S.K.: 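Below is the structure I would like to discuss, written out as structure tokens.
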Amino acid sequence: MEIVPSQRTRTNTPNDSVSTLPLYRYAPQLEVRLEDFEVFAMDRLRVLKGISDALARGKRPEEMENLVRDLWKANMRHPEASEEVNKDIISHFVLRLVYCRTEDLRKWFLSMETALYRYRFLLRSSEAKRALMAEFDLPCKAISRTEFENVKEKLEQVARSFDQPLPTADAIFYKVPFEEVPELVAGRRVYIHKGHAYVAMHQVVSLVVTQFRSNLSKALILTNRKWTSTIREQERDRLTPIVEALSMSYLGPDYSQPKEFGEISIKDLDQLARSSFPLCMRHLFDKLREDHHLKHGGRMQLGLFLKGVGLRMEDALAFWKAEFSQKVGAERFDKEYAYSIRHNYGKEGKRTDYTPYSCQKIISLTPGVGDHHGCPYRHFSEENLSAALGRMGVGSRAMEDVLDKVRNRHYQLACTLTFEAVHGSSCDAGINHPNQYFSDSHKILQPKISKMPVSCLHLLKHRDPCSIHYWDIFQGTECMPPCLHRTIMRHKEAEVLGISRGFNAVDLLQFVFIFVVQTPSIVSYFFQIVYLYKLMC
């Protein structure tokens, strides 16, 4: 595969001679434009990352088949149908080059490409599957009718144990050395006799995928050797920067400008931080309010995020100056810090319009002593993370799910589960950017606020700052009915409206009224809550 800056020439190989599900044994003899080199790889990367997120969320096999079909259709089509196979092959080999460089990268790519191949194979017709098996030259052969009758009873026992249809006279079974289908053997899903496994036609995907995985694993090692020995140095000014950046590429919107909700003002920040900031930004915001200072990494991460949610440069300068001046003084702020804020907005230096950090970039950061930037799901201890999630209103069951994802290093999925727990709404796309978290949160919460009674809105926005914290009333009490607890956890109306200090007895009655309107079944518990409030006072 040769990379050229000019227009890519067509291959002379007729499209019908190439399998629609390639084996990826050899790099194609094609000239590829640099633009296609990168675009094709990013399109395939969207498919692989979609598969990764779905597998981490525990999607069922039938759901995965539909997902892979949709992801492939959305990302891997080409304006010219005859070029789709070329795009498939080129994108695979580009990502093979990208992900061959470290063991962790190889492991992820091998797992995702194998999963992609599995579901693409399952979506093929029986004839196409048999053709692919022949191309792989697999160590198997279809059993004769006589042999089928001899083992039919055993095959039926296996089928019954998994609630599968009983094999019929026209069923196709393959006789395979048992070590070729470790997945089926481990799951006891095949009959084994004299070192051979009897594999039904609907199970041959395991055989094909095992062979594919073995071939790709060896190829990645060889590609890494070639990359380190020759390619990286030869292409250091052209391909190397692209290859090294692709594995960390963010594939969504850049959020450099607020597109949906317009500008926000300084007075909105505390309210929005509690209701719609992701944990990484909420932690930075709280530390800024507490210490009146952040180091450079924290200022960049939070500052660009605030720019993306709609904080104007003039308001950003006023906000940071109000906080920093309490620690370093107004004069020192103007000399040492104001320039970098204007620089982030493209008003100084190269006048580049800097974009907010994506989740991938934040996760890759390594904060030092005294730093607060980076991803809390990656860098916090389990105890600190649990406490932070509790302050966001994540329940114990959801918190355990989040911590489980963190233990398996699925940090973005952990953030997605946090979003779902806080907002009571699914997020199938997953969280890939802090500003996406904010945007999706705003979309969910704004309609709920608009439906509240005007009197309740006025009351909750003008709360008594000396009264008890609302969560102290509801959290951890046996007097609260489960339906009310679920409603509070799901809607979080109080957090949306910015209740940070609490409210008095009248506030409580109004607040409960909101939930009575939404969930009439809690009326019978109304006086229990009022009584609880009096006890706590």
Side-chain angles (χ1 to χ4, degrees), residues 42-43 45-54 56-57 67 70-71 74-75 247-264 268-269 271-285 298 300-311 344 353-365 373-378 388-389 392-394 398 401-402 405-406 410-449 492 495-496:
M42 293 183 71
D43 286 345
L45 199 52
R46 290 186 178 92
V47 176
L48 298 183
K49 290 193 173 181
I51 293 172
S52 177
D53 290 343
R57 294 173 72 90
L67 176 71
D70 294 342
L71 285 171
N75 297 288
S247 63
M248 296 300 295
S249 294
Y250 167 66
L251 305 175
D254 62 17
Y255 294 100
S256 58
Q257 297 295 333
K259 298 179 177 65
E260 297 178 72
F261 306 108
E263 296 176 348
I264 63 172
D268 298 325
L269 289 179
Q271 168 190 325
L272 292 171
R274 284 184 295 275
S275 64
S276 297
F277 279 21
L279 180 56
C280 57
M281 299 305 172
R282 183 166 174 168
H283 174 65
L284 284 169
F285 188 85
M300 289 294 293
Q301 184 173 314
L302 179 60
L304 291 174
F305 170 79
L306 293 176
K307 173 192 173 187
V309 302
L311 190 66
N344 285 347
D353 187 18
Y354 290 93
T355 60
Y357 291 175
S358 68
C359 287
Q360 279 189 315
K361 182 174 179 63
I362 291 172
I363 290 170
S364 70
L365 299 175
H373 61 284
C375 177
Y377 298 98
R378 180 185 178 191
L389 293 172
M392 291 184 74
V394 178
D401 291 339
V402 172
K405 298 304 179 187
V406 170
H410 298 307
Y411 306 119
Q412 288 176 238
L413 186 53
C415 188
T416 302
L417 294 179
T418 302
F419 178 94
E420 293 177 343
V422 170
H423 296 85
S425 178
S426 63
C427 182
D428 292 335
I431 298 299
N432 298 296
H433 200 291
N435 292 79
Q436 176 208 346
Y437 184 109
F438 176 86
S439 176
D440 290 351
S441 172
H442 219 50
K443 289 176 184 177
I444 292 171
L445 296 176
Q446 280 297 99
K448 293 181 179 179
I449 297 175
K492 300 284 291 175
E495 292 256 359
V496 177

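Values in this document were obtained by computation on a predicted structure and should not be read as measured data.
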S.K.: Roughly how far apart are Ile431 CD1 and Cys415 SG, rounded to 0.5 Å?
M.R.: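 Nearest 0.5 Å value for the CD1-SG distance: 5.5 Å.
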S.K.: According to side-chain hydrogen bond (donor to acceptor under 3.5 Å, both in side chains), who are the partners of Asn432, at least two apart in sequence or on a separate chain?
M.R.: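 Result, side-chain hydrogen bond (donor to acceptor under 3.5 Å, both in side chains) vs Asn432: Gln412.
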S.K.: Supply the atom-to-atom distance Cys280 SG to Tyr411 OH, rounded to the nearest 0.5 angstrom.
M.R.: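 Spacing of SG (Cys280) from OH (Tyr411) equals 14.5 Å.
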S.K.: Would you please name every residue forming a side-chain hydrogen bond (donor to acceptor under 3.5 Å, both in side chains) with Tyr377, sequence neighbours left out?
M.R.: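 Once residues adjacent in sequence are excluded, the partners of Tyr377 under the side-chain hydrogen bond (donor to acceptor under 3.5 Å, both in side chains) criterion are Thr418.
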S.K.: Which heavy-atom pair separates Phe419 from Cys427 by the least distance, and what is that distance?
M.R.: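 Taking Phe419 first and Cys427 second, the nearest heavy atoms are CD2-CB, 4.0 Å.
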S.K.: side-chain contact (heavy atoms from CB on, under 4.5 Å), that's the test. Do Val394 and Leu417 meet it? Break it down for me.
M.R.: CA-CA 9 Å; Val394 178; Leu417 294 179; over 6 Å; no
S.K.: Walk me through it: do Leu272 and Ile264 pass the test side-chain contact (heavy atoms from CB on, under 4.5 Å)?
M.R.: CA-CA 10 Å; Leu272 292 171; Ile264 63 172; 4.0 Å; yes
S.K.: I'd like to check the side chain to side chain contact (heavy atoms under 4.5 Å, CB included) partners of Ser52; sequence neighbours left out, ordered by chain and number.
M.R.: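 Trp108, Met112.
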S.K.: What residues, two or more places apart in sequence or in another chain, satisfy side-chain hydrogen bond (donor to acceptor under 3.5 Å, both in side chains) together with Asp70?
M.R.: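 Asp70 satisfies side-chain hydrogen bond (donor to acceptor under 3.5 Å, both in side chains) with no other residue.
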S.K.: Write down the atom of Ser358, the atom of Pro434, and the distance for their closest heavy-atom approach.
M.R.: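 Looks like C-CD, 4.1 Å.
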S.K.: To check you understand the geometry: which heavy-atom pair defines the closest contact between Ala56 and Leu413, and what is its length?
M.R.: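 Taking Ala56 first and Leu413 second, the nearest heavy atoms are CB-CD2, 3.2 Å.
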S.K.: Taking side-chain hydrogen bond (donor to acceptor under 3.5 Å, both in side chains) as the definition, give me every residue that meets it alongside Thr416, ordered by chain and number, with sequence neighbours left out.
M.R.: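 Applying side-chain hydrogen bond (donor to acceptor under 3.5 Å, both in side chains) to Thr416 gives none.
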S.K.: Working to the nearest 0.5 angstrom, can you tell me the gap between Met392 CE and Arg274 CZ?
M.R.: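 Output value for this atom pair is 12.5 Å.
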S.K.: Which atom names give the shortest non-hydrogen contact between Leu304 and Pro356, and what distance separates them?
M.R.: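 Smallest interatomic distance, heavy atoms only, reads O-CG, 3.2 Å.
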S.K.: How far apart are the closest heavy atoms of Ser275 and His423, and which atoms are they?
M.R.: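 Closest approach of Ser275 to His423: O-NE2, 3.7 Å.
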S.K.: What are the two closest non-hydrogen atoms of Gly50 and Leu67, and how far apart are they?
M.R.: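 Scanning both residues completely, I find the closest heavy atoms to be O-CD2, 3.8 Å.
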S.K.: Nearest 0.5 Å please: distance from the CG atom of Asp401 over to the CZ atom of Arg57.
M.R.: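 Reported to 0.5 Å precision, the distance equals 11.0 Å.
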S.K.: Short question: side chain of Gln436, backbone of Gly430 - any donor-acceptor pair under 3.5 Å?
M.R.: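 At least one qualifying donor-acceptor pair exists.
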S.K.: Could you tell me which residues satisfy side chain to side chain contact (heavy atoms under 4.5 Å, CB included) with Leu365, sequence neighbours excluded, listed by chain and number?
M.R.: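 Residues passing side chain to side chain contact (heavy atoms under 4.5 Å, CB included) with Leu365: Gln301, Tyr357, His373.
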S.K.: Could you pull out all residues at least two apart from His283 that satisfy ring-ring contact (aromatic ring centres under 6.0 Å, His included)?
M.R.: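 Checked His283 against ring-ring contact (aromatic ring centres under 6.0 Å, His included); matches are His372, Phe380.
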S.K.: Measure the CD1-SG distance between Ile363 and Cys375 for me, rounded to the nearest 0.5 Å.
M.R.: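 Rounded to the nearest 0.5 Å, the CD1-SG separation comes out at 4.5 Å.
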S.K.: About how many Å separate NZ of Lys307 and OH of Tyr354, when rounded to the nearest 0.5 Å?
M.R.: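 Between atom OH of Tyr354 and atom NZ of Lys307 there are 9.5 Å.
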S.K.: Could you walk me through whether Ser439 and Lys443 pass side-chain contact (heavy atoms from CB on, under 4.5 Å), step by step?
M.R.: CA-CA 6 Å; Ser439 176; Lys443 289 176 184 177; 3.8 Å; yes
S.K.: So, using ring-ring contact (aromatic ring centres under 6.0 Å, His included) as the criterion, who are the partners of Phe277 when residues are at least two apart?
M.R.: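 So Phe277 forms a ring-ring contact (aromatic ring centres under 6.0 Å, His included) with Phe285, Phe305.
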S.K.: Taking salt bridge (charged side-chain N to carboxylate O under 4.0 Å, His left out) as the test, write out the residues that go with Asp43, two or more places apart.
M.R.: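 Asp43 satisfies salt bridge (charged side-chain N to carboxylate O under 4.0 Å, His left out) with Arg46, Lys87 once adjacent residues are dropped.
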